[in-house]
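Following: one structure in C-alpha cells, then a few remarks.
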2 protein chains.
Amino acid sequence: MVQLAADDRLDEVFHALANRTRRALLGRLAAGPARVNELAEPHGMSVNAISKHLMVLERAGLVQREGTGHVRACRLDAAPMASAEAWIAGYRRFWSDKIDRLAAFVETAGD
Amino acid sequence: MVQLAADDRLDEVFHALANRTRRALLGRLAAGPARVNELAEPHGMSVNAISKHLMVLERAGLVQREGTGHVRACRLDAAPMASAEAWIAGYRRFWSDKIDRLAAFVETAGD
DNA sequence: CACTCTCTCAACCGTATGGTTGACAATCCT
DNA sequence: AGGATTGTCAACCATACGGTTGAGAGAGTG
C-alpha cells in the first residue's frame with residue numbers, strides 16, 4: 001500500500017463517509033464480513049454500483065478484501081476512522097461542555 | 001433553515017470535511033471569526049474559490065455569516081461535527097481497546 | 001458623487017461521482 | 001466439459017466538484 005500524506009488519507013476517509021450508501025455498507029459490515037452480492041441486496045442498486053462503492057471504501061482503507069477465489073468476502077477495517085475522529089475531536093471544545101465530556105467518558109469507559 | 005434528515009446532514013458534514021482547503025478554513029476560524037478576504041490569503045486561490053468553499057461549509061452548518069454589511073465575518077459553528085463524531089464513535093469498538101479509551105478520557109477531561 | 005474595497009453571481013472548463021448496461025473473467029457445481 | 005454464479009472492467013451519461021475569469025452589487029470613504 002502506498003503511504004499517503006495524512007491530509008490525503010483524511011480526504012479519502014471523509015469522502016468515503018460522505019455517502020449514505022457507503023455508510024450503510026459499513027454498518028452491514030460491522031455485523032461481520034459479507035460478499036458483494038450479499039451487500040448489494042438491501043439497496044435498490046446494481047451489484048456493479050455497490051462494487052464501485054466498495055472500491056471507494058477500500059481506497060480509504062475502510063474495507064479489505066479477503067480471499068482470491070469466487071467467494072471474496074469484504075471485511076470492515078475501521079482503523080482509518082480513528083484519524084477522522086481525532087481530527088474532529090480537535091474541535092470538540094467548540095461544542096462540548098463538561099456534561100458532554102462526562103457523557104463521552106461514560107460511553108468510552110462503559111463496558 | 002430547512003430541517004434536513006439526519007443522513008442528509010451527515011452527507012453534507014462529511015462532504016464538507018473531505019477537503020483539506022475547507023478543513024484549513026475551519027482551522028483558521030477556530031482562532032476566531034474572519035472575513036472572506038482574510039481567509040483566502042494563505043491559500044493560493046482566488047477569493048472566489050474560497051467563497052464557494054465557505055458556501056459548502058455554510059450548507060453543512062459549520063460556518064455562519066455575521067452582519068449584512070461590507071464586513072461580513074465568518075464564524076465557526078462546530079456543532080454539526082458532534083453528529084459526525086457520534087456516527088464514527090459507533091465504530092470505535094472496532095479499533096479501540098481499553099488503552100485508547102483511557103486516552104480519550106484523558107483528552108476529553110484534560111482541561 | 002465618485003471611487004475603492006469586499007464579496008457574490010454567472011458562465012465556463014476539466015475532471016470526478018454515482019449510477020446504468022453490457023461484456024468478460026473466474027470460480028463453483030453438476 | 002458445460003453451465004450457473006459472482007464480481008470486475010469498460011463505456012456511457014447526467015450531474016456535481018473545484019477551480020478560473022469577468023461582471024456587478026453594496027458598503028464604506030475621498
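All figures in this text were calculated on a predicted structure; none of them were measured in a lab. In what follows, every chain begins at residue 1, and chains take the letters A, B, ... in the order their sequences are listed.
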Look at the side-chain N and O atoms of B:Asn19 and state whether any lies under 4.0 Å from the OP1 or OP2 oxygen of D:dG18. yes
How many Å lie between CE on B:Met45 and P on C:dT8, as a whole number? 14 Å
Ignoring backbone atoms, test whether B:Arg65 places a side-chain nitrogen or oxygen under 4.0 Å from the OP1 or OP2 oxygen of C:dT8. yes
When rounded to whole Å, the CD to C1' distance for the pair A:Glu41 and D:dG7 reads 16 Å
B:Lys52 side chain, from C-beta outward: closest of D:dG19, C:dT8, D:dC17: D:dG19
Length of the line joining A:His53:NE2 and C:dT17:P, which is rounded to integer Å: 12 Å
Which nucleotide wins on minimum distance to the side chain of A:His15, given the candidates C:dC7, D:dG18, C:dG18? C:dG18
Is there side-chain contact between B:Arg65 and B:Glu58, with at least one heavy-atom pair below 4.5 Å? yes
Please classify the nucleic acid contact of A:Asn48 as base, sugar-phosphate, or nothing, using heavy-atom distances under 4.0 Å. base
Return the value, rounded to whole Å, for the distance between atom CG of A:Leu57 and atom P of C:dT17. 13 Å
When rounded to whole Å, the CD1 to P distance for the pair A:Ile50 and C:dT21 reads 14 Å
So for atom CD, which belongs to B:Glu41, do other residues, nucleotides or ligands contribute more than 12 heavy atoms lying within a distance under 6.0 Å? no
What is the separation between atom CG on B:Asp11 and atom P on C:dT17, rounded to the nearest whole Å? 15 Å
Checking all strands, does B:Arg22 fall into the base, sugar-phosphate, or nothing category for heavy-atom contacts under 4.0 angstrom? sugar-phosphate
Whole angstroms only, please: what is the CD-P distance between B:Glu58 and C:dC9? 10 Å
OP1 or OP2 of C:dC7 under 4.0 Å from side-chain N/O of B:Ser51: no
Close side-chain approach of B:Asp8 to A:Arg20, heavy-atom, < 4.5 Å: yes
For residues B:Arg75 and B:Val63, determine if any side-chain heavy atom of one lies less than 4.5 Å from a side-chain heavy atom of the other. no
Could you tell me whether the side chain of B:Arg23 and the main chain of B:Leu17 form a donor-acceptor pair under 3.5 Å? yes
Heavy atoms from C-beta onward define the side chain here; which of C:dT21, C:dT6, C:dG18 lies closest to that of B:Arg35? C:dT6
Nearest whole Å is fine: how far is C:dT8 C1' from B:Asn37 CG? 13 Å
